[in-house]
Every structure is written in structure tokens, then in C-alpha cells.
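Order of the sequence lines sets the chain letters (A, B, ...), proteins ahead of strands, with each chain counted from 1.
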There are 2 protein chains.
Amino acid sequence: MTAATETPKPNLLELLWRAGPEASRGPRKGLTVDAVVAAAVELADREGLEALTVRRLAQELGKAPMTLYTYVPGKTELVALMIDSLFASMERTPVAGLPWRERLAAVARDGYSLYRRHPWAAAASPSRPPLGPGQCAKYEHELQALEGLGLSDVEMDDVLAYLLGFVRIAAQDAAQADAERAASAMSDQEWWEANGPLLAKVLDPERFPTAVRVGQAAGEAHDSAYDAEHAFSFGLERTLDALAPLIERDE
Amino acid sequence: MTAATETPKPNLLELLWRAGPEASRGPRKGLTVDAVVAAAVELADREGLEALTVRRLAQELGKAPMTLYTYVPGKTELVALMIDSLFASMERTPVAGLPWRERLAAVARDGYSLYRRHPWAAAASPSRPPLGPGQCAKYEHELQALEGLGLSDVEMDDVLAYLLGFVRIAAQDAAQADAERAASAMSDQEWWEANGPLLAKVLDPERFPTAVRVGQAAGEAHDSAYDAEHAFSFGLERTLDALAPLIERDE
DNA sequence: TTGTACACCGTACGACGTACTAAGTACAAT
DNA sequence: ATTGTACTTAGTACGTCGTACGGTGTACAA
């Protein structure tokens with residue numbers, strides 16, 4: 001029995017920082033982790049996260065499916081790498097010198113437009129992503145926007161998590177509204193013809209007086225049933241108001 | 001050729017309101033939609049949304065997998081029904097007579113604890129769920145908590161969407177933190193032994209000065225890397241502060 | 001020159017959602 | 001009472017997924 005050559009599964013952290021040992025023997029690699037990740041991002045952007053399958057991605061790269069496992073240990077790790085690569089290359093509006101509201105607004109808008117450009121990432125990105133280089137660069141830049149405002153270190157982290165939570169949920173909702181609009185082959189008119197009668201019967205103004213009134217008003221105000229961009233700008237103002245007492249507390 | 005008996009696929013809306021025509025011929029039904037949905041909720045609570053498969057659910061109900069499709073047209077509709085059933089039976093703290101902050105806090109806490117009890121729902125529930133009876137009852141109750149505060153109808157909807165967005169993201173993050181803790185078989189110590197050296201090399205305090213400092217402070221403050229309950233209570237206070245200017249604007 | 005670590009590929013396994021078909025049931029129409 | 005038919009239930013099977021496994025050939029190290 002030969003001693004098993006221990007090739008421990010490459011760690012996600014090593015992979016994120018591209019710190020794995022590079023092979024010195026064997027055939028030349030036909031791809032790189034970066035190339036795989038870039039192709040995956042492009043595919044997910046084009047056709048959504050559910051179209052991103054290992055087979056499909058391999059096909060686009062001109063390789064057999066299992067080949068990708070040489071570069072990436074599994075699909076979850078691939079998605080983590082994809083998100084970190086987004087974070088690494090995202091736009092970071094310079095904020096030095098701006099008043100605090102504009103600084104935080106810029107941070108929020110940078111994040112939001114990243115997620116709008118890559119809607120799958122809003123659904124997939126966790127609150128505390130693994131500490132890859134992209135995540136670290138993002139975190140560093142965002143924290144610098146919070147420096148000098150009289151917050152403690154712990155408060156800075158709390159405030160940032162709160163702000164980014166808003167950004168993520170706004171992006172999720174926007175992406176979902178888009179997806180629903182695209183998925184329903186029905187026009188609004190067809191939908192109402194199909195479902196209007198039932199809704200009219202069931203949305204009893206005596207049982208749901210406030211809901212019927214407010215729902216109707218909201219539906220008319222935003223031309224669509226849900227106006228994502230309005231929700232974002234409304235929410236951003238609120239979120240900055242939320243932080244004002246904390247930040248301006250001792251000025 | 002016999003004329004095709006048109007049995008149009010039951011609409012999700014009809015299903016939500018249990019408004020489908022009931023069969024008058026054929027064998028007695030061995031189950032009800034409610035029973036299927038209840039079993040599905042129980043299974044998802046117990047083992048998570050990814051354990052909720054049609055086969056597994058059918059097994060728990062003592063039926064063949066395909067049998068469930070008599071009650072529910074597909075898995076997506078099943079999940080929608082599950083969420084609406086949660087909304088229908090959730091706790092709704094009475095808020096009449098309370099000051100506005102306590103009213104909104106109660107609404108937020110009811111929602112949050114619902115999602116904490118059913119973590120899968122936080123991930124699956126969309127911003128604008130289909131108008132089932134549970135969703136309507138929830139919406140009605142929540143809007144009543146916003147009545148009489150001097151807001152327009154459209155503002156009431158905006159404010160509620162904003163508040164519920166916070167609740168959802170807080171619940172998502174909490175659920176994810178739990179899941180990660182459960183999934184990693186490693187203890188914190190093992191994790192640091194495995195990843196500490198790389199992180200120490202790569203988290204260069206010159207490249208990421210603020211991130212390293214704040215990250216360390218935050219990590220020490222919350223015993224775990226991410227303290228969900230703290231994030232919720234911190235965020236709830238902020239969110240109420242966010243709404244104060246709007247609500248107290250003309251008092 | 002040769003041994004070996006490695007990239008690459010084909011095949012295959014066990015899950016998944018669900019389409020299709022057949023069997024059997026109980027009410028409606030006769 | 002009988003028969004037709006709408007219905008529930010079940011079995012089988014298809015196409016998809018992630019990925020385990022084993023084989024083949026390459027190119028560097030010894």
C-alpha cells in the first residue's frame with residue numbers, strides 16, 4: 001500500500017487570496033481561476049444565477065464539466081469567488097472631504113448600483129462574506145467614509161452593517177420585481193382579466209378597510225405595482241435620517 | 001378524438017383563497033391543501049428549506065410523491081402557500097392606543113420573531129407577496145398601526161415597506177449566521193488554527209488600516225463574529241429614528 | 001530516461017421537479 | 001340498478017443538477 005499523497009482540498013480562503021501552491025509538474029493549465037470566475041460572472045449577468053451550472057459554464061469555456069473542479073472545489077466556493085471579484089473591481093466613489101450624508105449616500109449608491117448590475121449577487125451575498133481581498137477592500141473604503149464622525153469603532157461597524165443591510169434588501173426587492181415582470185408573460189391587462197373578479201370578491205373593504213384603501217393609493221402612485229427605484233431613494237433618505245442622531249450627537 | 005376536457009391549472013390566487021371548485025365525483029380526498037401546507041411548514045422548520053422536497057414531504061404524509069400535485073400545482077406555489085399560512089396565523093400584538101414608536105416596534109418585532117421561528121421564510125418571502133388571505137390580514141394590521149400619524153396613504157405604504165425591509169434583512173442575516181455556525185463543524189479554535197496564519201499574512205494593516213482596526217474591535221465586542229440580536233435591536237432603534245422626522249413633522 | 005504530480009475527460013450516481021399513464025373510486029345521469 | 005365519467009392515487013420515467021471516481025496523457029523532477 002502506497003502512502004496516500006495528501007492533496008488537501010484547497011481552502012476557500014486560500015483560493016480567495018490566490019494563495020494556493022502552484023503546480024510545478026504536469027501539463028500546462030489551460031485556464032486560470034480568474035478566467036473561470038470571470039466567465040461565471042458574465043454568464044450569471046447574462047442569464048441569471050439559475051442558468052449558471054457547472055456544465056453550462058464548462059461549455060462556454062470549451063472544457064469538459066469536471067475540468068472546472070481543478071480550479072474551484074465546488075459551486076458554493078465559485079459563487080463566493082464571484083462575489084469577491086465583484087467587490088474587488090466595483091466603483092468606489094471618492095468621499096474624502098464630503099459632508100457625512102454625502103459620504104454615506106455615495107457608499108450606499110455604489111453598493112446598490114453594483115447589485116443592480118449583477119442582480120444575482122444581491123440574492124447570493126451574505127451579510128458577512130468571507131474575508132477575501134475584494135471584501136476587505138470594500139470594507140476598508142466604506143469604513144473610511146465613516147472615519148472622523150465621532151463614532152467608536154464598534155459603532156462604525158454597526159452603522160455600516162445597518163447601511164449595507166438596507167442596500168442589500170433594496171437591491172433584492174428591485175431584482176425580484178424585475179424578475180417577476182419578466183417572468184409573467186401576461187400583460188397587466190390580461191392579469192386583471194384573469195384575477196380581477198376573484199380579487200374583487202375576496203378583498204372585502206369591510207374586512208380589510210385600510211389595506212384596500214392604501215393598496216389602491218400606492219398602486220396608482222407608482223405606475224407599476226412596485227417601484228424599486230423610488231423605494232431605494234425613499235429608503236436612503238430615511239436611512240441617513242436614522243443615522244443623524246448618532247453622528248451629530250456631539251457636534 | 002374526444003374533446004379535451006379542459007381542467008385549467010388551478011390559479012395560485014384561487015388556491016391561496018381556497019376558492020377552487022371542489023370535486024363532486026371520484027374518490028374521497030385523503031388530504032387537504034391545509035394539511036399539505038402544514039406538513040410542509042413543519043418539515044421546513046425542522047430541517048430547513050432545502051430538505052423540503054416533494055418526495056420527502058409525500059413520504060411524511062404517507063402518500064406517493066406525485067399525489068401531492070393533486071393539491072398543489074408545483075413547488076413554487078407550495079412555498080407561497082406556506083408563507084401565506086404563516087402570515088395568517090402569526091402573532092399580532094395589539095397596538096391601538098400606544099405611542100407611535102411602540103406601535104411600529106411591535107409590528108417589527110412580530111415580524112422578526114415570525115422569521116426567527118421559521119428561518120426559511122425570511123429567505124423565501126418576497127417584498128410583495130401574492131395577495132393571499134394571510135398577507136392581507138398582515139398588511140391590514142400593520143397599516144392600522146400607521147393610521148392617524150399624519151401620513152398620506154402613499155407614505156403609509158412607503159414607510160411600511162421600509163420597516164418590513166429592515167425586518168426581513170435582519171432576519172435573513174440572523175438565519176444565515178445560525179446556519180453558518182451550525183454548518184461549520186470546526187470550533188472557533190480549529191478555524192483559527194487553520195486560517196489564522198494566512199489571514200495574518202494577508203490582512204496587511206498598511207493596506208487595510210481601518211478595516212483591521214474596526215474588524216478587531218467589532219469581533220471582540222460581539223463575542224461571535226456577528227451578533228444577530230444586537231444587529232436587530234440596534235437597527236430597530238435606528239429605523240424608528242429614521243421615521244421620526246416624517247411622523248413628527250407636523251405635530 | 002523514468003517516475004510522478006497533475007490537467008483533463010468520460011462515465012456514472014443519487015438527488016431533484018414533474019410529465020405521463022394506468023388503475024381504481026364514487027357520484028351523476030340514465 | 002347500471003353505466004359513464006370526473007376524480008384521486010400510484011408507478012414509472014425523463015431531463016436536470018452537483019460531483020465522485022477512475023483513466024489517460026503530459027511535462028517537469030529526479
Side-chain angles (χ1 to χ4, degrees), chain A residues 1-10 12 15 20-36 39-40 43-44 47-82 124 183, chain B residues 1-10 12 20-33 35-36 39-40 43-44 47-82 124 183:
Chain A
M1 171 175 174
T2 70
T5 315
E6 189 134 349
T7 308
K9 196 181 232 186
L12 174 56
L15 210 53
E22 52 202 282
S24 59
R25 281 202 276 222
R28 294 271 174 265
K29 285 187 174 241
L31 293 169
T32 59
V33 176
D34 284 321
V36 173
L43 176 56
E47 307 190 26
L49 198 54
E50 68 290 336
L52 174 67
T53 70
V54 175
R55 289 164 224 260
R56 184 72 197 284
L57 180 58
Q59 184 192 340
E60 305 227 335
L61 288 163
K63 301 282 172 184
M66 287 310 292
T67 300
L68 300 192
Y69 286 89
T70 328
Y71 298 91
V72 155
K75 201 188 175 183
T76 31
E77 289 85 354
L78 174 61
V79 174
L81 287 164
M82 291 166 65
Chain B
M1 169 177 175
T2 69
T5 315
E6 187 134 348
T7 307
K9 196 181 233 185
L12 174 56
E22 51 202 282
S24 60
R25 283 202 275 220
R28 295 269 173 266
K29 282 186 173 241
L31 292 170
T32 59
V33 175
V36 173
L43 176 55
E47 307 190 26
L49 198 54
E50 67 290 338
L52 174 66
T53 70
V54 176
R55 289 166 223 260
R56 184 71 196 284
L57 180 58
Q59 184 192 337
E60 304 227 334
L61 288 164
K63 301 281 171 185
M66 289 309 294
T67 300
L68 300 192
Y69 286 88
T70 330
Y71 298 91
V72 155
K75 200 187 175 182
T76 30
E77 289 85 353
L78 174 62
V79 174
L81 287 165
M82 292 165 65

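For R56(B), no side-chain nitrogen or oxygen approaches OP1 or OP2 of dC16(C) to under 4.0 Å. Under 4.0 angstrom from either OP1 or OP2 of dC28(D) there lies at least one side-chain N or O belonging to R28(A). In this structure, T67(A) reaches the dC9(C) phosphate: one of its side-chain N or O atoms is under 4.0 Å from OP1 or OP2.
Note on T70(B): a base of the nucleic acid sits closer than 4.0 angstrom, heavy atoms only. Counting any heavy atom pair closer than 4.0 Å across all strands shown, L52(A) reaches sugar-phosphate atoms only and no base atom. Residue R55(A) is in base contact, counting any heavy-atom pair closer than 4.0 Å across all strands shown.
Residue Q59(A) contributes atom CD, which lies 12 Å from atom P of dT16(D) at whole-angstrom precision. The interatomic distance linking E77(B) (CD) with dG17(C) (C1') rounds to 12 Å, in whole Å. Across the protein-nucleic acid pair, L68(B) atom CG and dA19(C) atom P stand 14 Å apart, rounded to whole Å. Here dC16(C) presents its P atom at 14 Å from CE of M66(B), a figure rounded to the nearest Å. Distance L61(B) CG to dT9(D) P: 11 Å, rounded to the nearest Å. In this structure, L57(B) places its CG atom 14 Å from C1' of dC16(C), rounding to the nearest Å. For E22(A) and dA5(C), the CD to P distance is 18 Å, given to the nearest whole Å. Computed from coordinates, the E50(B) CD to dG14(C) P distance equals 21 Å when rounded to whole Å.
With hydrogens and angles ignored, the 3.5 Å screen pairs a side-chain donor or acceptor of Y71(B) with a backbone N or O of L31(B). The main-chain N or O of L52(A) is found under 3.5 Å from a side-chain atom of K75(A) such that the two form a donor-acceptor pair.
In this structure, P65(A) and A58(A) approach most closely via the heavy-atom pair CA-CB, 3.4 Å. Contact detail for A124(B) and L49(B): the closest heavy-atom pair is CB-CD2, 4.2 Å. Residues L43(A) and E60(A) share a closest heavy-atom pair of CD1-OE2, 3.9 Å.
Minimum atom distance to the side chain of A64(B) is reached by dA10(D), of the listed dT8(D), dA10(D), dC28(D). For R25(A), whose side chain is taken as the heavy atoms from C-beta onward, the closest listed nucleotide among dC6(C), dC28(D), dG18(D) is dC28(D). For K75(A), the listed nucleotide lying nearest its side chain is dT19(D); candidates were dG17(C), dT26(D), dT19(D). Residue A23(B) places its side chain closer to dT8(D) than to any other of dC21(D), dT8(D), dG18(D). Here the nucleotide nearest the side chain of P27(A), chosen from dG18(D), dA7(C), dC7(D), is dA7(C). Of all nucleotides listed (dC7(D), dA7(C), dA29(D)), dA29(D) comes nearest to the side chain of S24(A). Among the nucleotides dT5(D), dG17(C), dC8(C), the one closest to any side-chain atom of Y69(B) is dG17(C).
Side-chain atoms of L68(B) and L61(B), non-hydrogen and from C-beta on, do get closer than 4.5 Å to each other.
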